[in-house]
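Working notes for the structure below.
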Protein chains: 2
Amino acid sequence: MATYELEHPAIEDITLTDVLFALSDPARLEIVREVADGPLDMAACGATNPDLPKSTKSHLMKVLREAGIVRNVPNGRGRLVSLRKDELDARFPGLLDSVLGA
Amino acid sequence: MATYELEHPAIEDITLTDVLFALSDPARLEIVREVADGPLDMAACGATNPDLPKSTKSHLMKVLREAGIVRNVPNGRGRLVSLRKDELDARFPGLLDSVLGA
DNA sequence: TCGACTGTTCAAGTATTATCGAACCATGGC
DNA sequence: GCCATGGTTCGATAATACTTGAACAGTCGA
């Protein structure tokens, strides 16, 4: 299942409210913080919630991905998660930095 | 009913996720934009939705107020709504500007 | 090729939010 | 004092969102 590409919205289709909503959940925000320093194996994300069911984590990732915040590409038998920082900065200047800096 | 003060959270009790959630709704975000230029009579807010039921508008305001985004004080027979800009800027530097600038 | 590992999707249940009418209340103007 | 104005609260219903188990699929290593 880690073989195919998942859908990612184009930058111009990303909406501010969707981004804000995705970031408004503590668990999702935590994942974003973890990924902010560089790409991470999806399995390595959410280390703070080690007992989080995988279906739940998959859903959290889906919300972040569909909001345009995160990129999620196949990587071996797993997936690699990265922040779409440059694109987000271009679309919503300063937003990500202010959220992550808080 | 416009006589008593409503509850407003202290700055230090304002959480980032609550703020982001409050701003993640288009109708609420619109109200914030309207108020960004200065205090406004509550009746004047949401001019874009003129047929919005007052109970609905009151609820939207409540979410914004409880998130710490807006101040809502009695004013004659109505209420005056204003942005808690300075406080928000102090607590989450750059956040408001990036959201409003988007 | 056969497991073990990593994730996705589906479905069902739960929980949170949104919406809006109705009842109610202060204030201001007459 | 009375009424119209502006807004809150409550209660019910509808709509979203969250959570999780189960079933399934691609990949890697032995």
Side-chain angles (χ1 to χ4, degrees), chain A residues 1-8 15 17-32 34-35 39-67 69-82, chain B residues 1-8 15 17-32 34-35 39-67 69-82:
Chain A
M1 213 82 184
T3 196
Y4 62 91
E5 298 285 342
L6 295 167
E7 292 287 325
H8 290 75
T15 69
T17 49
D18 282 352
V19 169
L20 294 176
F21 180 80
L23 295 174
S24 74
D25 178 68
R28 285 192 298 254
L29 183 55
E30 177 59 28
I31 290 175
V32 172
E34 290 174 359
V35 173
L40 223 59
D41 285 335
M42 185 168 166
C45 297
T48 31
N49 295 26
D51 51 350
L52 191 69
K54 48 185 187 170
S55 55
T56 302
K57 190 197 289 191
S58 183
H59 179 251
L60 293 175
M61 283 296 180
K62 183 181 184 180
V63 175
L64 287 172
R65 176 173 45 83
E66 292 181 339
I69 297 173
V70 139
R71 194 179 295 107
N72 193 338
V73 299
N75 178 38
R77 90 182 95 186
R79 284 186 185 278
L80 198 64
V81 181
S82 57
Chain B
M1 213 77 184
T3 197
Y4 61 90
E5 297 286 341
L6 295 167
E7 292 286 325
H8 290 76
T15 69
T17 48
D18 282 352
V19 170
L20 294 176
F21 178 80
L23 295 174
S24 73
D25 179 70
R28 286 191 299 254
L29 182 56
E30 178 58 29
I31 290 175
V32 172
E34 290 175 358
V35 172
L40 223 60
D41 285 334
M42 184 169 168
C45 298
T48 31
N49 295 27
D51 49 351
L52 192 68
K54 45 186 189 170
S55 56
T56 302
K57 190 198 286 191
S58 182
H59 179 250
L60 293 175
M61 283 296 181
K62 183 181 185 182
V63 175
L64 287 172
R65 176 172 44 85
E66 293 181 339
I69 297 174
V70 139
R71 194 178 294 106
N72 193 338
V73 299
N75 179 38
R77 92 184 92 183
R79 285 186 184 278
L80 199 64
V81 181
S82 56

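So that the names make sense, note that chain A is the first sequence line, chain B the second, and so on, each numbered from 1. As the structure is a prediction and not an experimental result, all values here were calculated from the model. The figures that follow rest on heavy atoms only: side chains count, while hydrogens, waters and symmetry mates do not.
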- [ ] Assign a letter to each nucleotide of nucleotides 10-15 of chain C from its 5' end: B, base within under 4.0 Å of a protein heavy atom; S, sugar-phosphate only; -, no contact.
- [x] ------
- [ ] Please list, chain by chain and in numerical order, all residues satisfying side chain to side chain donor-acceptor pair (under 3.5 Å) with B:Asp25, sequence neighbours excluded.
- [x] none
Task: Residues forming a side chain to side chain contact (heavy atoms under 4.5 Å, CB included) with A:Ser82, sequence neighbours excluded - done: A:Pro39, A:Arg71
Quick one: which protein N/O atoms are closer than 3.5 Å to N/O atoms of nucleotides 16-18 of chain C? Pair and distance per line, please.
residue : atom : partner : partner atom : Å
C:dA18  : OP1  : B:Arg28 : NH1          : 2.8
C:dA18  : OP1  : B:Arg28 : NH2          : 3.2

Open item on the list: Using the side chain to side chain contact (heavy atoms under 4.5 Å, CB included) criterion, which residues pair with A:Val63? Sequence neighbours excluded.
Closed with: A:Ala22, A:Arg28, A:His59
Task: From A:Cys45 atom SG to A:Arg79 atom CZ, the distance as rounded to the nearest 0.5 Å - done: 12.5 Å
- [ ] Mind listing the closest non-hydrogen atom pair of B:Leu60 and B:Ala27 along with its distance?
- [x] CD1-CB, 4.0 Å
- [ ] Check every strand shown and say whether B:Met61 touches a base, only sugar-phosphate, or nothing at a heavy-atom separation below 4.0 Å.
- [x] nothing
Task: side chain to side chain contact (heavy atoms under 4.5 Å, CB included) against B:Pro53, all qualifying residues, sequence neighbours excluded - done: B:Ser55, B:Thr56
Open item on the list: Output the rounded distance in Å from NZ (A:Lys54) to P (D:dA25).
Closed with: 14 Å
Task: Results of side chain to side chain donor-acceptor pair (under 3.5 Å) for B:Asp18 - residues two or more places apart only - done: B:Thr15
Task: Rounded interatomic separation in angstrom, taking CD from B:Glu5 and P from C:dA26 - done: 15 Å
- [ ] Count the heavy atoms of every other residue, nucleotide or ligand shown that sit under 6.0 Å from NZ of B:Lys57, and state whether that count exceeds 12.
- [x] yes
Open item on the list: Quick check for you: among D:dG7, C:dG21, D:dT20, whose closest atom lies nearest to any side-chain atom of B:Pro53?
Closed with: C:dG21
TODO: Could you tell me which non-hydrogen atom of B:Thr17 sits nearest to which non-hydrogen atom of A:Ser24, and how far apart they are?
DONE: CB-O, 3.3 Å
- [ ] State the CD1-CG distance between A:Ile69 and A:Leu29, to the nearest 0.5 angstrom.
- [x] 9.0 Å
Task: Divergence of helical axes at both termini of the helix from C:dT1-D:dA30 to C:dC30-D:dG1 - five pairs an end, 10° steps - done: 30°
TODO: Take the protein atom CG of A:Asp18 and the nucleotide atom C1' of D:dT16, then report the distance between them rounded to whole Å.
DONE: 13 Å
Open item on the list: Distance check needed: C:dG7 P versus A:Asn75 CG, whole Å only.
Closed with: 9 Å
- [ ] Consider the side chain of B:Arg77, meaning its heavy atoms from C-beta on, and name the nucleotide among D:dT9, D:dT5, D:dT20 that approaches it most closely.
- [x] D:dT5
- [ ] Could you pull out all residues at least two apart from A:Glu30 that satisfy side chain to side chain contact (heavy atoms under 4.5 Å, CB included)?
- [x] A:Arg33, A:Glu34, A:Thr48
Task: Atom pair distance, as rounded to whole Å: NZ in A:Lys62 and C1' in D:dA17 - done: 12 Å
